[in-house]
2 protein chains.
Amino acid sequence: MLTERQLLILQVIIDEFIETAHPVGSRAISKKGTIPYSAATIRNEMADLEEMGFLEKTHSSSGRIPSELGYRYYVDHLIAPNPLHKDVKIIKSIIEEGFYEFEQIVQMSAEILSELTNYTSIILGPELMETKLKQLQIVTLSPQTAVAILITDTGHVEHRSFKVPTVINPSDMEKMVNILNDRLTGVPIVRLNEIFHHEVAQLMKMYIRDYDRSYEYLQEIFVYDHPVKLYISGKSNILMQPEFNDVGKIRTFFTMMENENEVVNLLRNSQHGIKVTIGNENEVEAIKDLSLITASYQLNNDQMGTIALIGPTRMEYRKVISLLDGLSMEMTNALYKWYQLDE
Amino acid sequence: MLTERQLLILQVIIDEFIETAHPVGSRAISKKGTIPYSAATIRNEMADLEEMGFLEKTHSSSGRIPSELGYRYYVDHLIAPNPLHKDVKIIKSIIEEGFYEFEQIVQMSAEILSELTNYTSIILGPELMETKLKQLQIVTLSPQTAVAILITDTGHVEHRSFKVPTVINPSDMEKMVNILNDRLTGVPIVRLNEIFHHEVAQLMKMYIRDYDRSYEYLQEIFVYDHPVKLYISGKSNILMQPEFNDVGKIRTFFTMMENENEVVNLLRNSQHGIKVTIGNENEVEAIKDLSLITASYQLNNDQMGTIALIGPTRMEYRKVISLLDGLSMEMTNALYKWYQLDE
DNA sequence: TGTTAGCACTCGAGTGACTTGAGTGCTAAT
DNA sequence: ATTAGCACTCAAGTCACTCGAGTGCTAACA
């Protein structure tokens, strides 16, 4: 176990390193006055801390920097139970100020978050698994084309253009929309395609002339291919961090960030509450020397989405954790209000 | 005026430098065999070309690199009248393969473009100035909220949520939608707000109870705040270019690219046809050492949007110009088809 | 008169020796 | 248990040196 003094020294070193990004030497700590011991004493303790794996040296005669284990310990034990970060209030007031759609709130939150931290923020939109079709509309643009509009009970709107089968005339179309609305309203949008195939097909055959020939045009309306939406902000923000002084590193990071799937996977396995993943704890190669912090926001205990920050392992964990904690609460609230509308 | 031989040498140097990014020496040119003169002769010509401003040295005893003036001359006189790039066919077939919405086509084009060139591609969506409202729909989500959906004659769909004024009941709402559709269909969407204020207001007062109190909630439906849409692809692509080996440069570039307004301004003053802007010819500070190539795509001679590529001044102008030329034609075609639908 | 060979010169880039200073580890004294 | 002292280490900077690609110029050549 660590002694009181070792804890203190570890904390001071990490705090200092997080602030300056320079290795911390024993003399500097001693001079600072937080710890009333001489440099030599501190040196001994540092040697012990290094042996235990909490600290590292960049070379044999350099000052110490925290190891990943050190950060881990710091995050798990040395951060005071998060007092809400003052900036959360700012976010809260911004969210409540206007009548924003959920997407706007998310977008703004991502921007604020990256601005406040100088890291890259990522927000995974709410999982739409549970949202249901509220209404389907089809607007004809020309004899050959039309746009189908799906409105969900959460106010989410999707649209796709499609070719109108030549065999369908306007009155058929009207009948069709009626049937579809009748049968599909209330169906979870992820199941639309399935229900359309199995339950609606027969009905269509009865009422719509030549339905078989129309079928292939219509089916794509219900293919739901936007499982989640990503909001990323401050990608270039992170370039201000001194650890991004290497072009190769920047390349791998940005290449990873352009791959939406990879980013989604990064966040997907996040759990309830806040989760900190430091350096090599990350599974994804490209961020094995970065830290990822995720927080979930939710509705009625169903997990809905994830907020995350990516930054160097030398991250301001204290600030970031309390910010994310607060923001996820605010977003949960905002989302809750949205759903309330529906009752 | 430049002699035949000087032209040839200039061309060889620029071609070589574009390929390798290393200063080109006289001996290397001579050895290559394209020009049947000795290194010394070529040296003399190079000195002349430098005096005229087409070439530069990185230091007093280095090989030559093209100056911006050199690139200018190269682009204006040394590039053969663009034969259509073979890859344009690929793009064409992709576009025609499925029934894509215009936005999808644009998105794909941007991606293909950046992939084929390793530069950053930017496409400015079609100016929607001329598009007209086809239909307005309002879907009530709850007693207090609704979502308004605007469908344009081009199949573009916009939506915004708004608070339903408490004094409006469902039948009022229905009446309102009817009035709005009656009066606003066919109105250019940029003028919706204006017409709504001036011509529809009176009508509303007559038919809708307590219209004055509803007014403030409704007006925001018609505020049109998406003048143009940007599609960017391959931002990290450009990091592969050797000129981006400097973190400071990367920073300025990415910071610029995150500012949507600045990017839009970059492309806005583009003209009919292809325009090449080299290095300092650019007005925007952040790309004064990069080149920008823009091409416009259009509908019925009204300019609609812009396709652009940003890369180092050492750009593969020949390839890029023929690619953009071809792609802008394809997009013009695609857009034309879209509008055809409407007649 | 245009072309070429030859040669001195320049400068970036790489290399090795040296210095400096921050920081360590260890030992002996307090 | 703590601290002062001292020898040691290493990154980073500086300087002198070398190497080689490339130039500019001059004189010889066709």
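Just so we're on the same page: letters track the sequence lines, and every chain starts at 1. Reckoned from all heavy atoms, side chains included, excluding hydrogens, waters and symmetry mates.
Atom P of nucleotide dG23(C) and atom CD1 of I9(A) are separated by 15 Å, given to the nearest angstrom. Nucleotide dC11(C) holds its P atom 14 Å from the CZ atom of R64(B), rounded to whole Å. Spacing between atom CZ of R5(B) and atom C1' of dT1(C) amounts to 12 Å, rounded to whole angstrom units. Taking atom CD1 of residue I65(A) and atom C1' of nucleotide dG23(C), one finds them 14 Å apart after rounding to whole Å.
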What donor-acceptor contacts under 3.5 angstrom involve side-chain atoms of residues 29-38 of chain A, with partners at least two apart or in another chain?
from   : atom 1 : to     : atom 2 : distance (Å)
S30(A) : OG     : Y37(A) : O      : 3.1
K32(A) : NZ     : E16(A) : OE1    : 3.4
S38(A) : OG     : A40(A) : N      : 3.4
S38(A) : OG     : T41(A) : N      : 3.4
S38(A) : OG     : T41(A) : OG1    : 3.2

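Environment of CD in E281(B): crowded, with over 12 heavy atoms of neighbouring residues, nucleotides or ligands closer than 6.0 Å.
Distance alone, capped at 3.5 Å, places no donor-acceptor pair between the T294(A) side chain and the L267(A) backbone. Between the side chain of Q6(B) and the backbone N or O of T3(B) there is at least one donor-acceptor pair closer than 3.5 Å.
Using cut-offs of 30° and 60° on the angle between ring planes, the pair F253(A) and F244(A) is perpendicular.
The existence of a salt bridge linking K319(A) and D87(A) is excluded, since no basic side-chain nitrogen approaches an acidic carboxylate oxygen closer than 4.0 Å. Look at E258(B) and K235(A) and you find no salt bridge, because none of the NZ, NE, NH1 or NH2 atoms lies under 4.0 Å from a carboxylate O.
Axis angle, first five pairs versus last five pairs of the helix from dT1(C)-dA30(D) to dT30(C)-dA1(D): 20°, rounded to 10°.
Within residues 27-59 of chain A, the residues approached by DNA chain C to less than 4.0 Å at the level of any non-hydrogen atom are R43(A), M46(A), K57(A), in residue-number order.
The one candidate from Y119(B), Y71(B), Y317(B) that meets the side chain to side chain donor-acceptor pair (under 3.5 Å) condition with S291(B) is Y317(B).
Listed pair S60(B) / dG22(D) fails the phosphate criterion, with no side-chain N or O lying under 4.0 Å from OP1 or OP2. Side-chain nitrogen and oxygen atoms of S61(A) include none within less than 4.0 Å of the OP1 or OP2 phosphate oxygen of dA11(D).
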